[in-house]
2 protein chains.
Amino acid sequence: MMMESTFSNSGKTWLRRLAAVVSLSSGAQAAILSSLTQTRHFRAREHIMRDGTRDGSVQVLLRGFAYRHRYRPDGTRQITAFLVPGDICDFGFLSHSAVSQNVIALPASSVGQLDLSQLAGMVEKHPEIMTGILRCAAIEQSTMQELLVSVGGRTALHRVAHMLCEMHYRLSKVDLVDAEGSFGFPLTQSELGDALGLSTVHINRKIQVLRREGLAIWRDKTITLPDPQALRALCSFDPTYLRAGVPAH
Amino acid sequence: MMMESTFSNSGKTWLRRLAAVVSLSSGAQAAILSSLTQTRHFRAREHIMRDGTRDGSVQVLLRGFAYRHRYRPDGTRQITAFLVPGDICDFGFLSHSAVSQNVIALPASSVGQLDLSQLAGMVEKHPEIMTGILRCAAIEQSTMQELLVSVGGRTALHRVAHMLCEMHYRLSKVDLVDAEGSFGFPLTQSELGDALGLSTVHINRKIQVLRREGLAIWRDKTITLPDPQALRALCSFDPTYLRAGVPAH
DNA sequence: GCAGGCCCTTAACCTATGTGAATTCCGAAA
DNA sequence: TTTCGGAATTCACATAGGTTAAGGGCCTGC
């Protein structure tokens, strides 16, 4: 993990996220833009955050891709969330409690950092910022709930399709989906299985089905959805849960 | 649903919960005790909160038992959380966003209510109260994660056992487990299945196993764990996740 | 250029869990 | 007391998905 103090303009990534969930005064926008004074860089598969650590700052994923997971006593694990640029790595700072999960960078990733004292100052001047952060937390929660809904009762095919739709949706919101409907998806099939509660082999089987149907192509860490609407229809994907009741504005 | 304005002393239930996660000044304690000015009563199976509603107040379950759930497009549903006295019904108020799930009372239940403006006043005078609420939210999140861990990869027997251990633990913290290790558990086997991602029939099979092994007896809406330690050992139950990194104090 | 290792893919086989349906149990309503 | 309906239980059977194993592609280090 490397560290730098560049005054990067990557604050834009976070600003875009917050602006999407709450109205921000221009002062608040400026504060957010210049808030992530430190940036940490992680190599592929490196821990961004470790179970049991106390989280003394806000960490925002700026570039790359990451996931959270928790181990089972038998050594297997459950991935509980995927993080895309703009996402906060862990909300433990809200309650000054320890993080109870691991956060892992998937490809090389960058994480912006913000001290809690700094945050307190920003929030005092611009209370909307806290509302935005809390809304991000609510969306996170809602996303995890939907994963539970998937794992608890959708068929394997629907689980996979639903997750692809979700990633497509989330990544499109941060301009990471190109015109052909392709986006980088640096996961391994086994990792996707760890998220969806399916074995690697079975993930593969269902990916083949989607490929044969012309609904999804996964090659070279890249996924292409030739017909997103058809894929959404297949699994009844409804992105409402990703907005968590936050009105458009 | 009935309503009253009694100045009930049920604030104690909430105080106990908050005191368990954060240090409270005596002023804060007094404020909490007298905060839940309105109490609503629900009959069995009545909605406490409905999907899509905007949540204009804090709702604390004071008596009874409840659960949250979300429907699947095919009409089945996933129960995402069980609520015991002291739990906040929905944390949507934190971000002024709509609740995205249904909350249902199981047996007759009482819910204390607190306006957001009131809350704001309390928090301004006693900021620990907000910390406590946020810690409750973190514990909730952690509990849901653990459910995902169960559903995503534990065997049916372990899922059932783990949930019984969790309820035993949580209910014991609010003095709802008696000396013999019995506690009220007003669920139907089918409802437990909706939470654990298992069919009614299979829940029943595993309950039989636990009964035969002398690890759990479920009769008349009451569960008895004759040997909680043995049950915990069976499923490697570790209540750490229910404390969400909050240090004992 | 070669060896090792990870990942994807496929196949054969197995089992945990679902489904459908019948039976019993039990509490609440009449 | 009788009736009724939901819940628990049990059985027979069906299947989605897991497991194990093997081969191939590809990258990386040597």
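Throughout, a chain's letter reflects where its sequence line sits, starting with A, and its residues are numbered from 1.
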Q: Report the distance from atom SG of A:C235 to atom CZ of A:R154, rounding to the nearest 0.5 Å.
A: 7.0 Å
Q.
Students should find this one: the first and last nucleotides of DNA chain D, 5' to 3', lying under 4.0 Å from a heavy atom of chain A. What are they?
A. D:dG17 to D:dT20
Q: Sorted by first residue and then second, give each salt bridge (charged side-chain N to carboxylate O under 4.0 Å, His left out) pair with at least one member in residues 214-227 of chain A; sequence neighbours left out.
A: none
Q. When Watson-Crick pairs (N1 to N3 and N6-O4 or O6-N4) and G-U wobble pairs (N1-O2 and O6-N3) count only below 3.5 Å on both distances, what is the dot-bracket string of DNA chain D, with | for other-strand pairs?
A. ||||||||||||||||||||||||||||||
Q. Which pair of heavy atoms, one from A:T80 and one from A:L147, lies closest together, and at what distance?
A. O-CD2, 3.7 Å
Q.
Checking B:R212 now: which residues fulfil salt bridge (Lys or Arg N to Asp or Glu O under 4.0 Å) with it, not counting sequence neighbours?
A. none
Q) Of all residues at least two apart in sequence or in a different chain, which pass the side chain to side chain donor-acceptor pair (under 3.5 Å) check with B:S57? A) B:Q59, B:Q113
**Q.** Neighbours of DNA chain C within residues 202-223 of chain A, by heavy-atom distance under 4.0 Å
**A.** A:N204, A:R205, A:Q208, A:R211
**Q.** Main-chain N/O of A:R43 paired to A:E46 side chain as donor or acceptor, under 3.5 Å
**A.** yes
**Q.** From CD (A:Q141) to CD (B:Q145), nearest 0.5 Å
**A.** 9.5 Å
Q: Within residues 148-158 of chain B, find the residues that approach DNA chain C with a heavy atom at under 4.0 Å, and present them sorted by residue number.
A: B:T155, B:A156
Q | Residue B:R50 excluded, over 12 heavy atoms near CZ under 6.0 Å | A | no
Q.
Using side-chain heavy atoms (C-beta onward) and a distance below 4.5 Å, is A:L36 in contact with A:W14?
A. yes
Q) Does a side-chain N-to-carboxylate-O contact under 4.0 Å join A:E191 and A:R45? A) yes
Q: Report the residues that fulfil side chain to side chain donor-acceptor pair (under 3.5 Å) with A:N102, sequence neighbours left out, ordered by chain and then residue number.
A: none
Q: Could I get the full list of salt bridge (Lys or Arg N to Asp or Glu O under 4.0 Å) partners for A:R159, not counting sequence neighbours?
A: none
Q) What's the spacing between A:I223 CD1 and A:L171 CG if we round to 0.5 Å? A) 9.5 Å
**Q.** DNA chain C-proximal residues of residues 183-195 of chain A, any heavy atom under 4.0 Å
**A.** A:T188, A:Q189
**Q.** Pairs flagged by ring pair (Phe, Tyr, Trp, His ring centres under 6.0 Å) wherever residues 194-220 of chain B is involved - sequence neighbours left out
**A.** B:F185-B:W218
Q: Name all pairs fulfilling the side-chain hydrogen bond (donor to acceptor under 3.5 Å, both in side chains) condition that reach into residues 166-181 of chain A, sequence neighbours left out, sorted by first residue then second.
A: A:R16-A:D175, A:D87-A:R170, A:E166-A:R170, A:E166-A:Y241, A:Y169-A:R243
